[in-house]
Number of protein chains: 2
Amino acid sequence: MKPINERCGSVRRVDTCLSAPVRASVPCKSCDLQACRLRDFGLLKRAYSLRGLERGDTLETHSRNCLRFWIVKQGTGATCRMFSDGRRQIVSLETTGDVVCASMADNDNEHWFEALSECKICEVNLTPWSGELRQNADFLHAIFEVMHKRLERSVNHVSTLGRLDSHERVIYFLAELALRLGARDDGKIVALPMSREDIADYLGLNSDSISRILTRLRRSGLVRFLSRTEYVVLDWSAIAQRLPISLPETFPNAMCFPSQDEEISR
Amino acid sequence: MKPINERCGSVRRVDTCLSAPVRASVPCKSCDLQACRLRDFGLLKRAYSLRGLERGDTLETHSRNCLRFWIVKQGTGATCRMFSDGRRQIVSLETTGDVVCASMADNDNEHWFEALSECKICEVNLTPWSGELRQNADFLHAIFEVMHKRLERSVNHVSTLGRLDSHERVIYFLAELALRLGARDDGKIVALPMSREDIADYLGLNSDSISRILTRLRRSGLVRFLSRTEYVVLDWSAIAQRLPISLPETFPNAMCFPSQDEEISR
DNA sequence: CGACCGATTGATCGACCTCAACACCAGTGG
DNA sequence: CCACTGGTGTTGAGGTCGATCAATCGGTCG
């Protein structure tokens, strides 16, 4: 690992970690994002504002005692953590529709949300209404499902980092991202809104290794790169064959409470 | 990694993964576990039963559509995942008071709960009441906090696996476990209810490395081992000095909703 | 054009894994 | 009492994977 002064040399690392430069912050009248799980609460319209972030901009909160969420409306972001010597770990990727619980991005722990591409974030600060929301079953159910889904992803990430080797990690990453972005079919183009170093920080590797592995995967015909930030999955079966785990299903919701029309299993 | 037939050679790995031998399953009249976050719901008493597990016994569920929890009342367990070639990753450690959401241990994904030591588990199956509980704000708040806390731990685990080297991981592990088990002071004895291989599967290393690292830590005076399963943290400051992250605070709850008597930060 | 940044690629190094041998311990059976 | 066994932990020798370091290339921006 590089010492802190080297790894934090770029502007992105240091200058933007401490404050979030708000490019645009306007109250948004109506939320038309289908995937957003926190819509439909009358309160929200009073509480949210739309923020535009450029690549590298970050969001942080200064208190754990807050009820605040960041919903990705456009673009791709990441929840990051920085160690005291400058090592960075991307803890999770956030794509359209994902809801980030801001209380987990407190600056004491060196956690923050970071835009990997140009992003539109809907910030919802519900702290003033936390008392009444504490009694609102629909709201509590919604944020429970959000946390449940995030936990599922995180658990997957733990398995990946703990027991997959570097090639498997990259293959899994490319396939999972393709599925999350809706490119389940062969030939669909996936936008890869991250640098090699971002991928490395997500997968616990370093950027040289990422680069090497990507060229090997390209040569072996699993994926094709149209540019540095666009790829196509060519051979799903080969991918499945090279992974010791199945790719995650993309359930629309967390499925913890059985829905009305389904058989209840006891 | 060893091939599956070798790694699954022990009884623990294969025979017990598919079914949970119930050593004792009696309805428990009253729950006196202070740390349990799911008590105080009238419904629970009708729904729960106490199960005694021996080391190696496992619990699984066969449906994602269930509202079932396992609460550790005594002993230490782990949420595990096995890959198709036999690699195992311990996704999280569960100690007294921890609440495991059973729907995340469905057998399709090769997830399960496993007793690392002799355990008493309170199994709470609330599936029949999921309809009314979906409207119960207190219950929803409780399980939200459970998930929030689990997510915090998982995120920590991701950082650990992604960016700490083997020595740092073991040091962090020993210190964190000591704190979780209440041995914050120098000299307090910590019970280590796991084999070297369990630790390895938790930290993404292998058991030989664990053994090597433990002897080095012992020699350097950070910890003292009374036996293979008991240790004492000798030098907290040296531990903090050798870690690039601070040890997690052990908050009593998730602190996402501000409590009544605290200043609300907006 | 030069400065700069990110990506690529090769050479080398070191951390961790693999494999094997051995120690230790509890249990079992003579 | 000893021999034997199986399981777990320890330790050393050697190999491999991924990190590190450096050189080069390509693109972008001033």
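All values below come from the heavy atoms of this structure, side chains included, with hydrogens, waters and symmetry mates left out. Naming: A, B, ... by sequence-line order, numbering from 1 per chain. Remember, predicted model here, so these are calculated numbers, not experimental data.
- Between the C1' atom of D:dG15 and the CG atom of B:Asn206 lies a distance of 14 Å, rounded to the nearest Å.
- Atom CZ of B:Arg224 is surrounded by 12 or fewer heavy atoms from other residues, nucleotides or ligands within 6.0 Å.
- In summary, A:Arg150 and A:Asp98 do not engage in a salt bridge, as defined by a charged side-chain N under 4.0 Å from a carboxylate O.
- A salt bridge does not link A:Arg169 to A:Glu176: none of the charged nitrogens lies less than 4.0 Å from a carboxylate oxygen.
- In this entry the distance linking CZ of B:Arg55 with P of D:dG7 reads 13 Å, nearest Å.
- The distance from atom NE2 of A:His167 to atom P of D:dG18 is 6 Å, rounded to the nearest whole Å.
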Legend entry - Contact letters for nucleotides 7-15 of chain C, in which S counts primed atoms plus P, OP1 and OP2 and B counts the base, heavy atoms under 4.0 Å: SBBBB----
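- The distance from atom CD1 of A:Ile199 to atom P of D:dA19 is 14 Å, rounded to the nearest whole Å.
- Two residues are said to be in side-chain contact when any heavy atoms from C-beta on lie closer than 4.5 Å; A:Ser159 and B:Val91 meet this criterion.
- One atom, CG of A:Asp201, and another, C1' of C:dG6, lie 14 Å apart when rounded to the nearest Å.
- Taking both residues in full, the closest heavy atoms of B:Arg163 and A:Arg87 are given as O-NH1, 2.7 Å, listed atom of the first, atom of the second, then distance.
- Spacing between atom CG of B:Leu192 and atom C1' of D:dG9 amounts to 13 Å, rounded to whole angstrom units.
- Residues B:Ala183 and B:Lys188 come closest through the heavy atom pair CB-CB, 3.6 Å.
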